[in-house]
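Values below: all heavy atoms of this structure, side chains included; hydrogens, waters and symmetry mates excluded.
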Amino acid sequence: MLPMISRLQQFSTPKLQNPRKYSTSALKPNESAEIVIIGGGCVGCGIAHRLAEEGKTDVILIEKENSVSTITSAQAAGLVGQVRTDFDRVKLAMWSVETFSKFQEEDAVNPNWRQVGSLRIAETDERVEEFKRMDKVCKQAGLKMEFISPSEAKKMWPGMLFDKAKSIIWCPSDGYLQPYDLAMTYRWHARKAGVRFYENTPALGIEMETDSKGKPRVKSVKTPNGEIKCKTVINAAGAHGYTIAKMAGLELPIIPVRHHYIITEPIGKNKEIHPELPVLRLPDRTLYARPDVNSILVGGWEPEALSYDPRQQSSVAKSPLIEDDWPVLSNFAELFSEFYPKISDAGIRQTFNGWPTFTPDGKFIVGPSARVDGFVMAGGCNAHGVSGSAGLAHHVVESMGLMRSSSKVSDYVKSLSPDRFTERSWNWEEATKAAKKVYETYYFVK
């Protein structure tokens, strides 16, 4: 019997007691750059890489922890899926997969990208109809996917029971990767191009000035080791995204929502579970799974989401500690056991949890602010910060008009602008409720 849940621990907002703790000899006092990226997760590192690809290398990325990708990105399951009901989201995911595949060809550093394909399983008639809509969208986007039989699926993952499947989608170009390796790969390529990275360097504030018309614009970023003068700040701070936006005078509904998953002890003999098995998605059970060496990683979307209020958090604070919620985690395993009974006898080797951010409308918050010149958002990833990082970075650079191929910004990217929240009134409580609903209905039929 798995142990019962412990309560989410209360947290307080710490003050910066010892600035030397955050200092780094590499960061020179009063250093400057054209662009400063705040946040060293997969999104921030991905943006640094994408900017460098477009010739923008006068860039500094600052990360408050002692390494990139140590908070939310590091806790991600690393699944990369492209099949969607939305054309633009499919194209974003396809861009990411193309980037990961190119990275994997590198000898020096790569994201440990395994293009093992994925199986998406429908157990209801409503889901079957959704799969048909997905098929049309994927054809339009140029993404190869096909419907396969339960017997074909069983050959791909022996030991898995597909008796309940009414329809199965096979996408051969999907897969999974290691989020930390991905962030380090972005970092390696960006640094090689000239981008500067400073860990142990939290943002303490954003200094502003006004133009001749009285409009505020970014002047510099304050850190414990002095200011970094810049023309542009990109907010890629993940669960601290609200706090960084507030430094620029913007109120944005970037809601951290709990997510967690388990990894079992090794299962079976003779390498029954191995890294080349495909990723599984069971949307009618709100579950996903993938191999983890010779174990299984299983996670899902909770029916009652748990969030915290980022308005209580400073830029140097840790996010609330998450203790293992065993009733929820046990339910993931129990639901999965109907497809793979052997998981019932497997112990749990490890649990992972984190605070991915969600928005009230389920869309990214990407692009420059109309209220503050030089302030650009890259947040509210709705659990796509790792898998969609390359595509998201592409959209950020596009929104800034920095694409060498074209300065045109697509209607889709325009729709992601932070202005949709800053130029109209909204209620924090209602926004939080809506963001949690996005999480709770993540796998609902669309």
Side-chain angles (χ1 to χ4, degrees), residues 42 69 72-84 93 96-97 100-101 103-104 110-122 145 148 152-162 165 168-182 259-268 271-301 328-329 331-344 346-354 356 383-389 442-443:
C42 285
S69 188
T72 305
S73 290
Q75 305 300 324
L79 277 65
V80 180
Q82 302 164 91
V83 179
R84 301 279 191 277
S96 291
V97 165
F100 303 155
S101 297
F103 281 163
Q104 194 60 31
N110 63 63
N112 200 8
W113 164 237
R114 293 183 181 273
Q115 200 161 29
V116 295
S118 74
L119 296 169
R120 185 180 293 260
I121 299 160
M145 57 148 279
I148 64 172
E152 290 174 303
K154 194 171 182 64
K155 290 178 183 177
M156 295 179 181
W157 195 314
M160 195 69 63
L161 305 179
F162 293 98
I168 302 173
I169 288 176
W170 164 245
C171 183
S173 58
D174 280 355
Y176 66 94
L177 48 68
Q178 300 303 319
Y180 179 78
D181 293 345
L182 174 61
H259 188 68
H260 48 190
Y261 60 87
I262 61 172
I263 298 177
T264 69
E265 295 286 355
I267 294 176
K271 296 183 178 180
E272 178 178 328
I273 304 298
H274 57 83
E276 300 307 314
L277 291 171
V279 171
L280 292 171
R281 289 180 178 84
L282 306 170
D284 291 309
R285 296 168 187 261
T286 69
L287 295 178
Y288 58 80
R290 69 165 175 83
D292 188 83
V293 190
N294 55 355
S295 303
I296 297 179
L297 180 156
V298 180
W301 308 94
V328 170
L329 296 172
N331 188 52
F332 291 164
E334 184 177 347
L335 288 170
F336 189 69
S337 68
E338 293 186 38
F339 273 80
Y340 194 76
K342 287 185 179 181
I343 197 172
S344 299
I348 294 177
R349 187 182 85 214
Q350 200 168 5
T351 62
F352 286 83
N353 50 62
H384 285 291
V386 172
S387 64
S389 56
Y442 194 85
Y443 272 165

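- By the 6.0 Å contact criterion, CD on E334 is open, its count of non-hydrogen atoms from other residues, nucleotides or ligands being 12 or less.
- Residues S387 and F100 are not in side-chain contact: their nearest non-hydrogen atoms beyond the backbone lie 4.5 Å or more apart.
- Checked options F339, Y288, F336; the residue passing with L280 is F336 (criterion: side-chain contact (heavy atoms from CB on, under 4.5 Å)).
- When every heavy atom of C42 is checked against every heavy atom of S389, the shortest pair comes out as O-CB, 3.7 Å.
- The shortest side-chain heavy-atom distance between I169 and R281 does not fall under the 4.5 Å cut-off.
- Note on ring orientation: taking the six-membered ring where Trp is involved, the planes of Y261 and F352 are parallel (angle under 30°, cut-offs 30° and 60°).
- Of the possible donor and acceptor atoms, none in the side chain of S344 sits under 3.5 Å from a partner among the backbone N and O of S337.
- Counting only distance, with no hydrogens or angles, the side chain of R290 and the backbone of A77 share a donor-acceptor pair below 3.5 Å.
- Atom CG in L287 sits 5.5 Å away from atom CG in L335 (nearest 0.5 Å).
- Distance check, rounded to the nearest 0.5 Å: CZ of R114 to CG of L177 gives 11.0 Å.
- Atom CG of residue L119 and atom CD of residue E152 lie 10.5 Å apart, to the nearest 0.5 angstrom.
- Looking at heavy atoms from C-beta onward, W113 lies out of side-chain contact with D181 at the 4.5 angstrom threshold.
- Checked options V279, N112, V386, V80; the residue passing with Y176 is V279 (criterion: side-chain contact (heavy atoms from CB on, under 4.5 Å)).
- Pairing each heavy atom of P179 with each of A76, the nearest pair is CG-O, 3.6 Å.
- Nearest heavy atom pair, residue L329 against residue I262, reads CD2-CG2, 3.7 Å.
- Taking every heavy atom of both residues into account, Q82 and C171 meet most closely at NE2-SG, 4.0 Å.
- Although no hydrogens or angles enter the test, the distance criterion places no donor-acceptor pair under 3.5 Å between the side chain of E265 and the main chain of A346.
- Residues D292 and R349 are paired through a salt bridge, judged by an N-O separation under 4.0 Å between the basic side chain and the carboxylate.
- To the nearest 0.5 Å, atom CD1 of residue I148 and atom NZ of residue K154 are 12.5 Å apart.
- Without hydrogens or angle criteria, T264 side chain to S295 main chain gives no donor-acceptor distance under 3.5 Å.
- The CD atom of E272 sits 9.0 Å away from atom CG of L277, with the distance rounded to the nearest 0.5 Å.
- R120 CZ to M145 CE: the interatomic distance, rounded to the nearest 0.5 Å, is 9.5 Å.
- Classified by interplanar angle (parallel below 30°, tilted 30° to 60°, perpendicular above 60°), the ring pair F332/H260 is perpendicular.
- Of all non-hydrogen atoms in N110 and F103, the two that sit nearest each other are CB-O, 3.4 Å.
- Taking both residues in full, the closest heavy atoms of P291 and P278 are given as CD-O, 3.9 Å, listed atom of the first, atom of the second, then distance.
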